[in-house]
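Indexing begins at 1, ligand by ligand and atom by atom, following the structure's order.
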Amino acid sequence: MPDPETTFPKRLLGQTGLLVSCLGLGTVKIGRNQGVRYPAGFTLPDDQSVRSLLAVAQDLGINLLDTAPAYGSSEERLGRLLENRGEWILCSKVGEEFRNGQSSFDFSGRQVRASVERSLQRLRTDYLDIVLIHSDGNDLELLEQGDCLEALQRLQQAGLIRAIGMSTKTVAGGLRAVELTDLVMVTYNPLAQDDKPVIEQAAELHKGVLIKKGLLSGHLDQVNQMDQSNRDPVESSLEFIFAQSGVSSVIVGTISTDHLAHNVASVNRVIRQDRSDAAIL
Ligand SMILES: NC(=O)c1ccc[n+]([C@@H]2O[C@H](COP(=O)([O-])OP(=O)(O)OC[C@H]3O[C@@H](n4cnc5c(N)ncnc54)[C@H](OP(=O)(O)O)[C@@H]3O)[C@@H](O)[C@H]2O)c1
């Protein structure tokens, strides 16, 4: 019987049947250090550091990893370095590529299928738990025109993908994605609250919600400036996010095991303040 005081909280991801840790690990920084908007430059961690990061994450109770073809070598490195694949929930994406320092986009059904097949190969697996449309900003068009969504639905029916959704950039697109798919990934933090109605709609329809940029992509000084306090900006950001009902998990990107442990402790504190949350295991 797991000890409720030490087991990291998990939540059901909408109606997908996937039980995700309330903190996921974003893996941009293990595969790409060009064209990113973090406060400081960094070198990609070596294989041993990535192995340690993944082992620490798993020890701390994290079971959700977020990657994408657009994150440079992230998928390939995870495929090579991840152990116990069956114990992880892997989220990847389709539509965006990043080559020679530049992003390009192709949301055709043909490219969606090719991209998923390549993700399966790179991640060395025969199924992906979650695949999101990696929006270029034209959320509604991508959902309602062309054959991107249909291609994902077919891959899901074929058993190659368990859950499909969209990483959105607009509120209208988020609301539509909540209707048409299993989950959304939205930006939400104390300084970016536009997607609140999307999270509320997802809660209403029992769809999954993953949060990106919850720690403002590392620009945490802005949180203290806003609330004029000396509180830990990590904890206040996470407290803000989990005060919103409907959030399944926050995907925080880090290549620091110290930061990872701090984030896990903060999520634990923030969520367990509300012991009435029935979804905590
Ligand atoms: N689908 C999309 O369009 C999209 C877009 C952006 C992001 N994402 C996903 O969401 C994930 C998170 O987004 P993000 O990486 O932009 O932003 P984020 O998670 O808000 O912030 C990551 C940054 O915060 C720093 N950080 C993490 N924990 C910290 C702590 N305890 N103290 C101080 N600094 C800390 C990290 O640096 P250290 O490495 O030094 O800890 C990193 O630079 C990404 O990894 C990716 O998986 C998706």
query: When you look for heavy atoms under 4.0 Å from ligand 1, do you find them on the side chain of R37, its backbone, both, or neither?
result: neither

- prompt: Hey, which atoms in ligand 1 end up nearer than 4.0 Å to a heavy atom of H134?
  reply: 1 (N), 2 (C), 3 (O)

message: One residue to check: L216. Relative to ligand 1, which of side chain, backbone, both or neither has a non-hydrogen atom less than 4.0 Å away?
response: backbone

message: Quick test: of every protein heavy atom, which one is nearest to atom 22 (C) of ligand 1, and how far off is it to 0.1 Å?
response: G253 O, 3.1 Å

- prompt: What closest approach, in Å, do V250 and G214 show between heavy atoms, and which atom pair accounts for it?
  reply: CG1-CA, 4.4 Å

message: I'd like to check which ligand 1 atoms, numbered from 1 as shown, lie under 4.0 Å from a non-hydrogen atom of K29.
response: 36 (C), 37 (O), 38 (P), 39 (O), 40 (O), 42 (C), 43 (O)

- prompt: Which is it for K93 and ligand 1 at heavy atoms under 4.0 Å: side chain, backbone, both or neither?
  reply: side chain

query: Is the F105 ring parallel, tilted or perpendicular to the F107 ring (thresholds 30°, 60°)?
result: parallel

message: Looking only at distances, can you tell me whether any N or O atom of P39, backbone or side chain, sits closer than 3.5 Å to an N or O atom of ligand 1?
response: no

query: Counting heavy atoms only, which of P233, G218, S256 is nearest atom 24 (O) of ligand 1?
result: G218

- request: Check ligand 1 against L220 and write out every atom of the ligand that is under 4.0 Å from a heavy-atom position of the residue.
  value: 33 (C), 34 (N)

query: Backbone or side chain, does any N or O of L215 fall under 3.5 Å from an N or O of ligand 1?
result: yes

task: Return a yes/no value for I255: is any of its N or O atoms, backbone included, closer than 3.5 angstrom to an N or O of ligand 1?
output: yes

- prompt: Taking non-hydrogen atoms only, is S217 closer than 4.0 angstrom to ligand 1 via side chain, backbone, both or neither?
  reply: both

message: Pairs of nitrogen or oxygen atoms closer than 3.5 Å, one from H262 and one from ligand 1: do any exist?
response: no

- prompt: Hey, which atoms in ligand 1 end up nearer than 4.0 Å to a heavy atom of V234?
  reply: 30 (C), 31 (N), 32 (N)

message: Does the residue Y71 have a heavy-atom contact with ligand 1, meaning some pair of atoms that are separated by less than 4.0 Å?
response: yes

- prompt: When you measure from atom 15 (O) of ligand 1 to every protein heavy atom, which one gives the shortest distance, and what is it?
  reply: Y38 OH, 2.7 Å

task: Look at the side-chain heavy atoms of Ile, Leu, Val, Met, Phe, Trp and Tyr, link any pair under 4.5 Å apart, and say whether V116 and I133 land in one connected group.
output: yes

query: How close does the nearest protein non-hydrogen atom get to atom 47 (O) of ligand 1, and which residue and atom is it?
result: D66 OD2, 2.4 Å

Pair K207 + D182, salt bridge at N-O below 4.0 Å: no

Nearest-option assignment for atom 11 (C) of ligand 1, heavy atoms, candidates I251, T254, V250: I251

- request: Do me a favour and list the nearest non-hydrogen protein atom to atom 1 (N) of ligand 1 with residue, atom name and distance?
  value: S167 OG, 2.6 Å

- request: Using a strict 4.0 Å cut-off to heavy atoms of G26, name the atoms of ligand 1 that fall inside it.
  value: 45 (O), 47 (O)

